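Owing to the predicted nature of the structure, the values given are computational and were not obtained by experimental measurement.
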Amino acid sequence: QVQLVESGGGLVQAGESLRLSCATSGSIFSINAMGWYRQAPGKQRELVARITSGDRTNYADSVKGRFTISRDQNTVNLRMNSLKPEDTAVYYCNADIQIRRGRSSNNYWGQGTQVTVSS
């Protein structure tokens with residue numbers, strides 16, 4: 001069974017930084033794209049940043065220049081600098097994982113970690 005476990009959320013003041021990490025575990029043959037999404041109260045879940053197996057990245061316009069996504073084997077990280085109150089949300093790790101050779105990949109989610117930025 002595949003699991004994604006996030007860590008690193010918390011409460012910070014505007015302008016400060018946080019680093020989120022997401023570790024995958026379980027029966028994994030390969031991991032394709034990994035990413036971070038977030039959902040603020042009353043809003044839809046949105047993509048924050050994504051990184052492919054070839055290390056191509058894309059970011060939401062709202063975080064470009066402030067956030068950096070990286071991956072190390074089966075872990076994906078999100079470095080968040082110059083945080084703003086509007087970055088407050090639950091952040092979710094996401095991964096497209098193939099559990100067996102020849103099988104199609106499936107999408108997996110972590111349980112979420114709260115990031116709160118005070119003004």
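- In this structure D61 satisfies the salt bridge (charged side-chain N to carboxylate O under 4.0 Å, His left out) test together with K64, sequence neighbours excluded.
- The hydrophobic cluster containing Y92 does not contain L20, counting ILVMFWY residues as joined when their side-chain heavy atoms lie under 4.5 angstrom apart, directly or transitively.
- Among residue pairs with one or both ends in residues 16-43, those qualifying as salt bridge (charged side-chain N to carboxylate O under 4.0 Å, His left out) are R38-E46, R38-D87; sequence neighbours excluded.
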(request) Give the C-alpha distance, both sets of side-chain angles, the deciding distance and a yes or no for side chain to side chain contact (heavy atoms under 4.5 Å, CB included) between Q13 and L83. (result) CA-CA 8 Å; Q13 292 189 332; L83 282 161; over 6 Å; no
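- Rounding to the nearest 0.5 Å places CG of N81 at 9.5 Å from CG of L18.
- For the atom pair R66 CZ and S82 OG, the distance stands at 7.0 Å (nearest 0.5 Å).
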Tell me which donor-acceptor pairs under 3.5 Å the side chains of residues 48-56 have, and how far apart each pair is, sequence neighbours excluded?
| from | atom 1 | to | atom 2 | distance (Å) |
| --- | --- | --- | --- | --- |
| T52 | OG1 | G54 | N | 3.2 |
| T52 | OG1 | D55 | N | 3.4 |
| T52 | OG1 | R56 | N | 3.1 |

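- Distance check: I28 CD1 to Q73 CD gives 11.5 Å after rounding to the nearest 0.5 Å.
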(message) Could you go through I97 and S105, starting from their C-alpha distance and side-chain angles, then the distance that decides it, and tell me whether this counts as side chain to side chain contact (heavy atoms under 4.5 Å, CB included)?
(response) CA-CA 5 Å; I97 296 173; S105 60; 5.9 Å; no
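- When the ring-ring contact (aromatic ring centres under 6.0 Å, His included) test is applied to Y59, no partner is found at least two apart in sequence or on another chain.
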(request) Evaluate side chain to side chain contact (heavy atoms under 4.5 Å, CB included) for E6 paired with Q111, printing each intermediate quantity in order. (result) CA-CA 7 Å; E6 301 109 334; Q111 80 285 355; 2.8 Å; yes
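- Here the two rings, on W109 and Y37, have centers that are under 6.0 Å apart.
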Acceptor/donor pairs from residues 112-119 side chains to any protein atom, 3.5 angstrom cut, sequence neighbours excluded:
| from | atom 1 | to | atom 2 | distance (Å) |
| --- | --- | --- | --- | --- |
| T113 | OG1 | G9 | N | 3.4 |
| Q114 | NE2 | A89 | O | 3.4 |
| Q114 | NE2 | T116 | OG1 | 3.3 |
| S118 | OG | V12 | O | 3.4 |

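- Considering CG of N106 and OG of S104, their distance stands at 5.5 Å, rounded to 0.5 Å.
- Placement of I69 and M80 within a single hydrophobic cluster is found when ILVMFWY residues are connected by side-chain heavy-atom separations under 4.5 Å, directly or transitively.
- M34 is connected to L4 through a chain of hydrophobic side-chain contacts under 4.5 Å among Ile, Leu, Val, Met, Phe, Trp and Tyr, so both are in one cluster.
- Residues Q1 and S27 have side chains not in contact (no heavy-atom distance under 4.5 Å, counting atoms from C-beta outward).
- At a threshold of 4.5 Å between side-chain heavy atoms, the hydrophobic network of Ile, Leu, Val, Met, Phe, Trp and Tyr places L47 and V76 in two separate groups.
- Of the options D72, N77, T75, a side chain to side chain donor-acceptor pair (under 3.5 Å) to S21 is made by N77 and by none of the others.
- One hydrophobic cluster, built from ILVMFWY side chains closer than 4.5 Å, holds both V2 and W36.
- Every pair tested for salt bridge (charged side-chain N to carboxylate O under 4.0 Å, His left out) that includes a residue from residues 92-113 fails, sequence neighbours excluded, so the list is empty.
- Checked by atom type, the side-chain pair N107/N94 shows a donor-acceptor distance below 3.5 Å.
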